Engineer: 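Here it is, the structure, as structure tokens.
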Amino acid sequence: VGAEIGNYLSEHAAEVSSFNVVKGFLNLVVNNSVWLSVFNDVAEDKSYGISEPDSSFVDAPVLVEYSSPNTNKPLHLGHVRNNLLGYAVAEILKATGNHVKKVNLVNDRGIHICKSMLAWKKYGNGETPESSGMKGDHLVGKYYVEFDKINKEEVASLVTNGNSEEDAKKKAPVMLEAQEMLRKWEANDPETVALWQKMNTWVYAGFDTTYKMMGVDFDKMYYESQTYILGKEIVQEGLDKGVFFKKDDGSVWVDLTDEGLDQKLLLRSDGTSVYITQDLGTSRLRYQETHFSRLIYVVGNEQDYHFKVLKLALKKLGYDWWNDLHHLSYAMVDLPSGKMKSREGTVVDADELMEEMISEAKRITKELGKLDDLASDEAEQLYKTIGLGALKYYILKVDPEKRMMFNPEESIDFNGHSGPFIQSAYVRCRSVMRKGDSVTSLKNYKDFDPSFYNALENKERDLLKNVLRYPEVLDEAAERFSPAVIANYVYELAKAYNGFYHEHAVVDAENVEASLFRLKLTEQTARVLKMALALLGINVPERM
RNA sequence: GCACCCGUAGUUCAAUGGAUAGAAUGACAGAUUCCGAUUCUGUUGGUUGUGGGUUCGAGUCCCGCCGGGUGCACCA
């Protein structure tokens, strides 16, 4: 039966690009070429499209919202986890046939931006990214820190002059000025808005560089300055329907005590919106825009409660899509010194982190000295591939909902259970394939009939099993929204290949059939490794 | 105080309720001298925080306790 399927698919290879299980045989059909299994354990028939999305999903996309930075400071390690997760989840859902849109909701307004603006205005002397050579987001971040320093000094001196700590915080002159600035911004004061636009432009240029280096992208950007007014009609709608209620002071609330939660404010007494008002508004806007089948928020687990409230409020309003919202909640990253706190300067900056990983890759590669003939631009590209591969793998292999320990001192693994280990297995495959290509007697395997190979040896069987598991693993990763499932699988596969490679000669096998079989197996291993790593945003080099 | 999340080898992490809880790292011993040694094989290391319960079967589900974290703003 295996041979029959194989012959059929061989003739139709150009059209096929999917995985499927037929009559208990699992077939791996990728990139217009065919490999078929000779055994498997899967009983039920199933197809896995990986090229064309199912047309029924096109009008009901899955939206994945991630990154969501504030524009007052650069991205740090926590954002890195967020971005890598969001990107990988989006790619995994794409690979399982969903139509996916990646979106970013940038927090470009509020008191924190005003703090940076104020400090820059007072002490910046017109400094720009061009004049200082600083990345825009770092420059703006510098003035945010500056503000904080001055604010602290002022509070301290107020306290020594007999004010209570609480009063001092309210009375500090710079803080009052920042609040005044926010009011001006909201009143559309031209000068303030111009400064706000100028500094945000700097920040976006900086973010773009970071995103590009990280390898993440977005199909659509939303900005809070445009969305923060949304949601007020929804609140009114809730009042009309009698599911929200108004207190005497005019503030609007939702009562979720019947769901085991509390009462939650939805609109301030002065009629202005709060965080959740906006999220109510944007979620409905997005539903109207896209009729999404799912809306996935990649947001830290400190907001678990917020998203519970959001969903239940929408449920009370009678929107039947309330349960299509999903909060992909991830835990924070710990440093050996404890928690990351931006005020205490214990954050790990994303740009610096990536640079360090790349130079570490460079150091190790040079030490091994295998690639001294590589052109320098190719070499730089390679260091980037390895360094970022190590970083991304290190972060993504951990289950999102678990806290993870990040030790910058000991740095990240380049050996063992690591990105470069897997990359090097791929490179080894490619090396073997090149060798196979150079042997003319092996080049033409059109007539190759794999059915002869019924007696697999242990390491071959082990490798084959791992290769064929890929579709199931992909399914599981998509179901659980967990890139870690892919990451751990791809490691098993790389290990299986190394074991196989060590045990069996491929190009110089006992006979031509064995060589052909093992070459095919090598080729498919390389393909799956490359595809699976791509879902994690990890590239593979041809040499390393 | 109330709510939610997490506790697995020394360390960093795995394990759709299912076989003897697995890797990596560290230490030690060995193999391959090659189609790529960032390799492979072995030894070492566990009362899965703890006490009960459900189940034919629990690291996984339920309850209590201990430890760590987060949330409970007319901030976002």
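If you're wondering where the values come from, they're calculated on a predicted model, not measured in any experiment.
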Engineer: May I have the distance from A:Gln423 (atom CD) to B:rU38 (atom C1'), rounded to whole angstrom?
Structural biologist: 10 Å
Engineer: Counting only side-chain heavy atoms from C-beta out, which of B:rU41, B:rC13, B:rC35 sits nearest to A:Lys459?
Structural biologist: B:rU41
Engineer: Exactly one of A:Val64, A:Ile296, A:Asn301, A:Val299 should register a side-chain contact (heavy atoms from CB on, under 4.5 Å) with A:Leu328. Which one does?
Structural biologist: A:Ile296
Engineer: If I compare all heavy atoms of A:Arg81 with all of A:Val333, which pair ends up nearest, and what's the gap?
Structural biologist: CD-CG2, 3.9 Å
Engineer: Residues two or more places apart in sequence or in another chain: which of them pass side-chain contact (heavy atoms from CB on, under 4.5 Å) with A:Val193?
Structural biologist: A:Trp185, A:Asn188, A:Trp196, A:Gln197
Engineer: For this output row, return yes or no: ring centroids of A:Tyr228 and A:Tyr223 closer than 6.0 angstrom.
Structural biologist: no
Engineer: Just checking A:Glu224: base, sugar-phosphate only, or nothing, at a heavy-atom cut-off of under 4.0 Å?
Structural biologist: sugar-phosphate
Engineer: Given B:rC13, B:rU38, B:rC35, which nucleotide is nearest the side-chain atoms of A:Thr365?
Structural biologist: B:rU38
Engineer: Please measure how far the C1' atom in B:rC6 lies from the corresponding atom in B:rU12, and state the result in whole Å.
Structural biologist: 16 Å
Engineer: Round to a whole Å and report the spacing from NZ of A:Lys397 to P of B:rA14.
Structural biologist: 8 Å
Engineer: Please state the P separation for the pair B:rA73 and B:rC13 - nearest whole angstrom.
Structural biologist: 32 Å
Engineer: Determine the interatomic distance between P on B:rG52 and the same-named atom on B:rU20; round to the nearest Å.
Structural biologist: 22 Å
Engineer: When we call it a touch if two heavy atoms are under 4.0 Å apart, what does A:Ser424 touch: a base, just sugar-phosphate, or nothing?
Structural biologist: sugar-phosphate
Engineer: Considering only atom C1', compute the distance from B:rG17 to B:rU55 and round it to an integer number of Å.
Structural biologist: 9 Å
Engineer: How far does the C1' atom of B:rU8 sit from the matching atom of B:rA14, given to the nearest Å?
Structural biologist: 10 Å
Engineer: If you pin A:Arg480 and A:Glu542 to their nearest nucleotides in RNA chain B, which one's is more 5'?
Structural biologist: A:Arg480
Engineer: Would you call A:Glu472 and A:Arg469 a salt bridge, using N to O less than 4.0 angstrom?
Structural biologist: no
Engineer: Which residues pass the ring-ring contact (aromatic ring centres under 6.0 Å, His included) test with A:Phe244, not counting sequence neighbours?
Structural biologist: none
Engineer: Under 4.0 angstrom, heavy atoms only, what part of the nucleic acid is A:Met544 near: base, sugar-phosphate, or nothing?
Structural biologist: base
Engineer: Using whole Å, what does the distance between atom C1' of nucleotide B:rC35 and atom CZ of A:Phe517 come to?
Structural biologist: 17 Å
Engineer: Checking contacts here: which listed nucleotide (B:rC13, B:rC35, B:rC75) is nearest the side-chain heavy atoms of A:Val432?
Structural biologist: B:rC35
Engineer: Applying side-chain contact (heavy atoms from CB on, under 4.5 Å), can you list everything that pairs with A:Ser269, at least two apart in sequence or on another chain?
Structural biologist: A:Asp249, A:Ser251
Engineer: Quick one: does any side-chain atom of A:Gln278 pair with a main-chain N or O of A:Thr227 as donor and acceptor, under 3.5 Å?
Structural biologist: no
Engineer: Rounding to a whole Å, what distance do you find between A:Ile538:CD1 and B:rU38:P?
Structural biologist: 20 Å
Engineer: Specify the separation, in whole Å, of atom CD of A:Glu523 and atom C1' of B:rC35.
Structural biologist: 15 Å
Engineer: I'd like a table of donor-acceptor pairs (distance under 3.5 Å, sequence neighbours excluded) in which one partner is a side-chain atom from residues 484-497 of chain A, with atom names and distances.
Structural biologist:
unit_1   : atom_1 : unit_2   : atom_2 : d
A:Asn488 : ND2    : A:Ala484 : O      : 3.0
A:Tyr489 : OH     : A:Asn466 : O      : 2.6
A:Tyr497 : OH     : A:Thr522 : OG1    : 3.0

Engineer: Using the closest heavy atom to pick a nucleotide of RNA chain B for each, name whichever of A:Pro420 or A:Gln278 lands nearer the 5' end.
Structural biologist: A:Pro420
Engineer: Which residues pass the ring-ring contact (aromatic ring centres under 6.0 Å, His included) test with A:Tyr393, sequence neighbours left out?
Structural biologist: A:His417
Engineer: Give the dot-bracket string for RNA chain B, reading 5' to 3', where a pair is Watson-Crick or G-U wobble with both distances under 3.5 Å, ( ) marks pairs inside the strand, [ ] marks pairs crossing earlier ones, | marks a partner on another strand, and . marks unpaired.
Structural biologist: (((((((..((((....[...))))((((((.......))))))....(((((..]....))))))))))))....
Engineer: Could you pull out all residues at least two apart from A:Tyr66 that satisfy ring-ring contact (aromatic ring centres under 6.0 Å, His included)?
Structural biologist: A:Phe218
Engineer: Sticking with atom C1', work out how far B:rC28 lies from B:rG68, rounded to a whole angstrom.
Structural biologist: 35 Å
Engineer: Nearest whole Å is fine: how far is B:rC35 P from A:Arg430 CZ?
Structural biologist: 18 Å
Engineer: Once you apply a heavy-atom cut-off of 4.0 Å, does A:Asn70 come out as touching a base, just sugar-phosphate, or nothing?
Structural biologist: nothing
Engineer: Looking at B:rU39, B:rU16, B:rU41, which one has an atom nearest to any side-chain atom of A:Glu476?
Structural biologist: B:rU16
Engineer: How many whole angstroms separate atom CG of A:Leu516 from atom P of B:rC35?
Structural biologist: 19 Å
Engineer: Show me, pair by pair, the donor-acceptor contacts under 3.5 angstrom made by side chains of residues 304-311 of chain A, not counting sequence neighbours?
Structural biologist:
unit_1   : atom_1 : unit_2   : atom_2 : d
A:Asp304 : OD1    : A:Ser329 : OG     : 2.9
A:Tyr305 : OH     : A:Asp262 : N      : 3.2
A:Tyr305 : OH     : A:Asp262 : OD2    : 3.3
A:His306 : NE2    : A:Asp279 : OD2    : 2.8
A:Lys311 : NZ     : A:Asn323 : OD1    : 3.3
A:Lys311 : NZ     : A:Leu325 : O      : 3.1

Engineer: When you check every protein heavy atom under 4.0 Å of nucleotides 17-29 of chain B, what one-letter string (B, S, -) results, 5' to 3'?
Structural biologist: ------SSS----
Engineer: For every nucleotide of nucleotides 1-8 of chain B, 5' to 3': is a protein heavy atom under 4.0 Å from its base (B), only from its sugar-phosphate (S), or from neither (-)?
Structural biologist: ---S-SS-
Engineer: Show every donor-acceptor pair shorter than 3.5 Å between a side-chain atom in residues 104-113 of chain A and any protein atom, with sequence neighbours excluded, or say none if there are none.
Structural biologist:
unit_1   : atom_1 : unit_2   : atom_2 : d
A:Asn104 : OD1    : A:Ser68  : N      : 3.0
A:Asn104 : ND2    : A:Tyr211 : OH     : 3.1
A:Asn107 : ND2    : A:Asn70  : OD1    : 3.0
A:Asn107 : ND2    : A:His112 : NE2    : 3.2
A:Asp108 : OD1    : A:Glu224 : N      : 3.3
A:Asp108 : OD1    : A:Ser225 : N      : 2.8
A:Asp108 : OD1    : A:Ser225 : OG     : 3.4
A:Asp108 : OD2    : A:Ser225 : OG     : 2.6
A:Arg109 : NH2    : A:Glu186 : OE2    : 3.1

Engineer: Suppose you measure atom C1' in B:rU60 against the same atom in B:rG22; what distance do you get, rounded to whole Å?
Structural biologist: 15 Å
Engineer: How would you list, by chain and number, every residue that makes a ring-ring contact (aromatic ring centres under 6.0 Å, His included) with A:His502, sequence neighbours excluded?
Structural biologist: none
Engineer: Under 4.0 Å between a side-chain N or O of A:Arg268 and OP1 or OP2 of B:rA76?
Structural biologist: yes
Engineer: Return the nearest nucleotide to the side chain of A:Asn498; candidates are B:rA14, B:rU39, B:rC35.
Structural biologist: B:rU39
Engineer: The side chain of A:His502 is closest to which nucleotide in this list: B:rU38, B:rU70, B:rA31?
Structural biologist: B:rA31
Engineer: If I take atom CG in residue A:Leu265 and atom C1' in nucleotide B:rC75, what distance separates them, rounded to the nearest angstrom?
Structural biologist: 11 Å
Engineer: A:Phe421 near the nucleic acid: base, sugar-phosphate alone, or nothing, with a heavy-atom cut-off under 4.0 Å?
Structural biologist: sugar-phosphate
Engineer: Expressed in whole Å, how much space separates the P atoms belonging to B:rA23 and B:rG46?
Structural biologist: 15 Å
